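Predicted model, so just to flag it, every value in this text is computed and none were measured. Keep in mind that the numbers below use all heavy atoms, side chains included, and drop hydrogens, waters and symmetry copies. Proteins come first, then strands; the chains are lettered A, B, ... in the order of their sequence lines, and each starts at number 1.
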2 protein chains.
Amino acid sequence: MSRYWSELVAGLEPYVPGEQPQDTSFIKLNTNESPYPPSPAVAEIVHGFAADELRRYPDPESRELVAALADYHGVDRDEVFVGNGSDEVLAHAFLGLLQKPAPIRFPDISYSFYPVYCALYRIAFEAIALDSRLRVDVDAFCEPCGGVVLPNPNAPTGIALGLDALRRLLAAQRDVAVIVDEAYVDFGADSAVGLIGEFDNLLVVRTFSKSRSLAGLRLGYALGQAQLIEGLQRVKNSFNSYPIDRIACAAGVAAIGDEAYFRACRERIVASRERLAGELARLGFEVCPSHANFLFARHASAAAGEIYTGLRSAGILVRHFDQPRIDDYLRISIGSDADCDALIAVLEKILS
Amino acid sequence: MSRYWSELVAGLEPYVPGEQPQDTSFIKLNTNESPYPPSPAVAEIVHGFAADELRRYPDPESRELVAALADYHGVDRDEVFVGNGSDEVLAHAFLGLLQKPAPIRFPDISYSFYPVYCALYRIAFEAIALDSRLRVDVDAFCEPCGGVVLPNPNAPTGIALGLDALRRLLAAQRDVAVIVDEAYVDFGADSAVGLIGEFDNLLVVRTFSKSRSLAGLRLGYALGQAQLIEGLQRVKNSFNSYPIDRIACAAGVAAIGDEAYFRACRERIVASRERLAGELARLGFEVCPSHANFLFARHASAAAGEIYTGLRSAGILVRHFDQPRIDDYLRISIGSDADCDALIAVLEKILS
């Protein structure tokens with residue numbers, strides 16, 4: 001605590017990201033990164049980048065990247081907003097669209113950055129309980145409120161909602177913004193992007209960090225009707241005119257352009273997920289039905305904290321959230337098949 | 001205006017950066033970029049970057065870059081904060097250190113992003129008038145207030161304060177944070193970094209965009225005692241855990257490591273500035289004494305708007321601020337000697 005801090009600062013409880021050890025010998029299944037490198041087209045852009053261009057500011061509008069994303073998703077260019085990772089996009093969306101008199105709503109078990117944004121921007125919220133099977137109860141999100149944030153699939157459960165449920169929610173919340181956080185949508189859930197034309201209250205948030213293997217480059221974006229996007233632009237242009245650097249912009253365009261590679265990685269990860277889910281069930285885990293690049297699972301008898309520690313000692317990092325209702329679960333990112341095999345082998349020892 | 005916007009958004013008047021034309025044939029003297037490429041060590045890092053690493057999140061603390069900056073400036077590692085450009089660093093500092101009951105103070109003619117941050121974070125401010133020769137009146141900044149932001153050298157004037165004046169200000173404002181924005185300090189002004197040990201209310205903000213030729217990579221930082229830095233960390237970790245991407249972090253370390261190149265570029269720019277100042281004076285301009293990589297000048301008879309337009313037609317971009325007190329001035333970034341020669345040649349035609 002310092003007397004120079006704003007009153008706000010003392011009350012913040014910052015987000016704690018998953019561990020990022022410097023020691024690269026860990027099998028790292030704790031932050032939902034991709035086990036596969038980014039598209040070779042990204043490497044080509046980086047390695048051929050004209051370093052002299054770095055002396056110039058980037059395009060403040062990142063128009064090349066915006067155009068690539070608009071074409072890819074079949075929306076207009078003024079329906080795309082890009083940011084320095086989807087966390088930045090979400091932050092601007094909370095301030096720009098969710099700072100409302102009425103409390104906003106998001107699930108009680110969800111991305112733990114949401115309540116942090118609320119503290120940062122003094123936004124009141126109600127955390128709506130997942131049901132006993134850790135599913136989102138859509139009806140509870142249809143009640144009057146200041147806005148809704150829903151990850152689909154949800155994290156850390158991996159459970160997805162269908163488009164019918166989202167459509168019902170969007171129709172019920174015509175007066176407030178509904179943010180659907182699709183960080184993990186590429187691994188099998190239905191995207192709400194196709195509903196943008198129908199619902200002017202819908203903002204879909206995406207990231208390059210998972211299915212595009214670019215967590216290290218910091219790129220995220222949002223899609224929505226032009227007026228919502230303009231709200232985000234106004235916040236962004238009051239915060240940092242140039243959030244996307246020149247290399248990231250060009251690399252993002254390259255990643256979006258390599259559809260074949262994207263599909264191949266995604267299919268491998270989905271196949272590994274289904275195989276790992278089966279193995280975990282065989283070992284006595286109850287596994288949430290996942291549409292993401294991770295599994296959320298609890299063991300019938302062994303304590304999650306002890307499994308976490310045992311895995312860590314064996315050089316495998318997974319995530320254990322020490323919080324009510326989910327402290328008996330582990331969240332396990334889908335690695336390569338070799339990573340999954342190593343995980344299973346260690347679990348067999350721990351649980352034997 | 002959209003009903004989905006927060007009340008705040010409708011009231012924002014976003015910052016307008018200098019023009020960034022796609023047309024690269026312009027001689028671009030409007031946004032204070034470097035005429036020289038970044039250090040060859042930066043190109044080496046980029047071209048040799050292991051693209052596979054991009055699938056992993058970066059170190060959320062950017063420890064390698066923080067360590068390089070701490071060593072370079074002779075401060076502790078917990079006295080360094082890094083951000084996605086100094087605009088982001090300033091934004092976090094405004095929210096974390098300047099959101100106070102009493103209005104903060106900054107010069108009326110200064111970096112025009114400051115009042116934008118105030119609107120974003122609902123911070124009251126008083127714009128303190130520069131004197132008739134466009135100099136900062138330090139005494140006016142010693143009056144009780146909620147905090148102070150002072151660019152040194154000031155922009156767009158280029159005029160610098162000495163350390164005695166800054167020391168007087170810091171001593172008078174012991175109870176509030178004083179931010180010295182040193183974006184342009186490397187071109188000849190005295191840095192306040194040496195005062196950090198003495199004043200726990202001092203935050204010095206720096207950028208890689210000017211003297212390091214890395215505007216396109218988005219890197220900025222702040223130096224101050226650990227408690228001030230912790231205040232910024234708490235805001236950052238409530239906004240975006242990973243603001244610095246892996247390539248930018250490594251390239252920043254490389255840039256800081258190449259002191260010889262840095263000094264050589266700086267000396268060339270200072271020499272070009274002095275030569276250009278002489279030429280402008282010869283052509284009838286009154287030129288503010290600049291310690292920055294730009295000149296702020298007005299002509300004895302020709303209107304600034306007309307000179308701006310004439311230069312633009314000839315393919316040379318400079319900046320004209322169409323606002324009270326300075327609308328008869330032009331701000332001209334220091335280009336290469338060839339850029340300066342081209343500018344002088346066109347000015348000679350326009351003014352003849």
Using non-hydrogen atoms only, which part of [X] is less than 4.5 Å away from chain B: side chain, backbone, both, or neither?
{"X": "A:R212", "value": "neither"}
{"X": "A:V235", "value": "both"}
{"X": "A:L95", "value": "both"}
{"X": "A:A251", "value": "neither"}
{"X": "A:P40", "value": "neither"}

Q. For B:E44, does the CD atom sit with more than 12 other heavy atoms under 6.0 Å from it, leaving out its own atoms?
A. no
Q) Heavy-atom distance under 4.5 Å to chain A: side chain of B:E230, backbone, both or neither? A) both
Q) Given a strict heavy-atom distance threshold of 4.5 Å, which part of B:F208 is in contact with chain A: side chain, backbone, both, or neither? A) neither
Q | Residue list, side-chain contact (heavy atoms from CB on, under 4.5 Å) with B:Q20, at least two apart or on another chain | A | A:Y57, A:P60, A:Y242, B:K28, B:T31, B:E33
**Q.** Cationic tip of A:R246 above A:F49 ring, under 6.0 Å, 45° of axis
**A.** no
**Q.** Side-chain donor or acceptor of A:R319 paired with backbone N/O of A:N30 under 3.5 Å
**A.** no
Q. In terms of the angle between their ring planes, are B:Y117 and B:F113 parallel, tilted or perpendicular, with boundaries placed at 30° and 60°?
A. parallel
